[in-house]
Amino acid sequence: MRRADLNRRRDQIIALLSSNGELTATDLAKRLDVSVQTIRTDLRDLDEAFLVQRRNGIVRMRQQPENIGYSPRMSISRMEKLNIALAVRNLIPDGARVALGTGTTVEQCANFLASKEKLFVATNNIHAVMAFQQASEAVVVIAGGTVRLRDLDMIGSASSDFFANYRVDVAVFSCGGVSDSGEVLDYNMDEIAARKAIVSCAKETILVFDSEKHGKDLPCRMHNLWDYNKIVTLAELDASVQEQCVAHGCEIVKVPKAEVVQKI
């Protein structure tokens, strides 16, 4: 089996569990039209990655006191993140001044933006810096302070002070979750402070998030979706949320669903 097919099926498992709460291996096998043994193999690997929990024949998403490790997050909704990144690339012109936040979706955005010409990039995300390694005409500045080694980023007070030094054309950032009513959520106040700082330095703000984050219940909140200029996602937002976005001038960017793995 191709690795892309394996990743896609596991993305679908995560999406089904996120929307249904809990299912059995048999339920998942029927919905995805594969054998129960195949699903059990997927679930074993997802359990070992601390993404799902299996108990008494029932499978559910693990409840996390903080976000899961960086490497497991890369596999969640991978195709969706690639398509989000392609859409973001099309929104940003050559020569722009860009602030990039943290997270796996923003890293994919950085991978695509590296093909742009003469960008100025301010970021607290080491993965984003690495994406621009071969972009010879890019100028990249990074926040100082203590590195969060698990994610290779900086989200403390030093990174917040860092973004205050810059005025950029557009900021691209993510979040820990989005409630059904459109609240933008995170795991802790350090994440909130970092997002507040990057929003404050930009003329235009772009929030990116995959469908797995939609409906997630997290303890910390700041802003609603319609407080930003653009939202780039494939998540199915409630009609009332879409109406609020329209009323406040927030554009919900339509993301193409074509596969783009070959683009990076």
Side-chain angles (χ1 to χ4, degrees), residues 67 77 80-81 83-93 96-110 112-113 116 119-125 128 143 153 155 159-160 162-164 166-256:
N67 210 349
S77 305
E80 192 171 337
K81 291 172 183 177
N83 284 290
I84 289 170
L86 178 60
V88 169
R89 183 192 183 279
N90 293 335
L91 295 174
I92 297 176
R97 301 190 305 272
V98 183
L100 296 176
T102 62
T104 56
T105 306
V106 175
E107 178 187 352
Q108 297 291 14
C109 292
F112 277 84
L113 288 172
K116 290 285 184 177
L119 292 186
F120 172 89
V121 178
T123 186
N124 58 337
N125 184 344
D153 59 24
I155 62 168
S159 69
S160 298
F162 164 78
F163 284 115
Y166 296 96
R167 182 63 172 162
V168 300
D169 300 310
V170 58
V172 181
F173 51 91
S174 190
C175 60
V178 174
S179 74
D180 290 333
S181 61
E183 296 171 305
V184 183
L185 308 173
D186 256 308
Y187 291 88
N188 54 64
M189 290 310 297
D190 283 341
E191 301 278 8
I192 293 286
R195 179 152 45 87
K196 182 177 180 180
I198 196 170
V199 166
S200 298
C201 79
K203 299 176 185 176
E204 180 178 75
T205 53
I206 300 177
L207 176 68
V208 297
F209 64 94
D210 60 71
S211 297
E212 189 272 334
K213 292 182 177 180
H214 186 223
K216 184 172 287 188
D217 184 19
L218 298 178
C220 301
R221 65 179 180 179
M222 186 191 77
H223 295 155
N224 296 301
L225 290 178
W226 50 88
D227 292 318
Y228 304 124
N229 298 116
K230 290 184 173 68
I231 301 164
V232 185
T233 186
L234 273 75
E236 295 293 333
L237 302 177
D238 290 351
S240 61
V241 173
Q242 295 184 50
E243 290 170 3
Q244 287 281 10
C245 288
V246 171
H248 288 81
C250 170
E251 179 184 356
I252 302 173
V253 177
K254 294 185 182 299
V255 178

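All heavy atoms count here, side chains included; hydrogens, waters and symmetry mates do not.
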Check: Would you say the side chain of Ile231 lies within less than 4.5 Å of the side chain of Cys250, judging by non-hydrogen atoms?
Finding: yes
Next item on the list: Let me see the working for Tyr187 and Lys216 under side-chain contact (heavy atoms from CB on, under 4.5 Å), right down to the final yes or no.
Entry: CA-CA 11 Å; Tyr187 291 88; Lys216 184 172 287 188; 3.5 Å; yes
Checklist line | Modelled atom types, side-chain donor and acceptor of Glu80 and Ser211, under 3.5 Å | finding: yes
Notebook entry, point to check: Can you check whether Ile155 reaches Glu191 side chain to side chain, under 4.5 Å on heavy atoms?
Noted result: yes
Item checked: Minimum-distance pair of heavy atoms, taken over all atoms of Gly182 and Val241 -> N-CG2, 3.9 Å
Checklist line | Distance in Å, Ile92 CD1 paired with Lys116 NZ, rounded so as to fall on 0.5 Å steps | finding: 7.5 Å
Notebook entry, point to check: Can you tell me if Arg97 uses its side chain to pair, donor with acceptor, with the backbone of Tyr166 under 3.5 Å?
Noted result: no
Check: Can the ring centres of Phe173 and Tyr228 be said to be less than 6.0 Å apart?
Finding: yes
Item checked: Value rounded to 0.5 Å, distance of CZ in Arg167 from OG in Ser200 -> 9.0 Å
Item checked: Side-chain heavy atoms of Val88 within contact of Val208, under 4.5 Å -> yes
Next item on the list: Might you work through the side-chain contact (heavy atoms from CB on, under 4.5 Å) test for Ile252 and Leu237, ending with a clear yes or no?
Entry: CA-CA 10 Å; Ile252 302 173; Leu237 302 177; 3.9 Å; yes
Note to self: For a 4.5 angstrom cut-off between non-hydrogen side-chain atoms, does Met222 reach Asp227?
What the structure shows: no
Notebook entry, point to check: Nearest heavy-atom pair of Cys109 and Val172: which atoms, and what distance?
Noted result: SG-CG1, 4.2 Å
Note to self: I need the minimum non-hydrogen distance between Ile198 and Gly101, along with the two atoms involved.
What the structure shows: CD1-N, 3.3 Å
Item checked: Closest approach of Gly176 to Asp186 (non-hydrogen atoms, all atoms of both residues) -> N-OD1, 2.8 Å
Notebook entry, point to check: Side chains of Leu100 and Val121: does their closest heavy-atom pair fall under 4.5 Å?
Noted result: yes
Next item on the list: For side-chain contact (heavy atoms from CB on, under 4.5 Å), just list the numbers for Lys213 and Ser174, CA-CA rounded to whole Å, side-chain angles, deciding distance to a tenth of an Å, and then say yes or no.
Entry: CA-CA 10 Å; Lys213 292 182 177 180; Ser174 190; 3.0 Å; yes
Next item on the list: Answer with yes or no whether the side chains of Thr102 and Asn125 bring together a donor and an acceptor at under 3.5 Å.
Entry: no
Checklist line | Ile84 vs Leu234, side-chain contact (heavy atoms from CB on, under 4.5 Å): CA-CA, chis, key distance, verdict | finding: CA-CA 8 Å; Ile84 289 170; Leu234 273 75; 4.2 Å; yes
Item checked: Minimum heavy-atom distance between Ser160 and Ala193, given as atom pair plus value -> OG-O, 3.7 Å
Note to self: Any heavy-atom pair between the side chains of Cys175 and Leu207 that's under 4.5 Å?
What the structure shows: yes
Check: Thr104 and Lys81: side-chain donor and acceptor closer than 3.5 Å?
Finding: yes
Note to self: Any heavy-atom pair between the side chains of Ile206 and Leu91 that's under 4.5 Å?
What the structure shows: yes
Checklist line | For Arg221 against Ile192, the heavy-atom pair lying closest together | finding: C-CD1, 3.8 Å
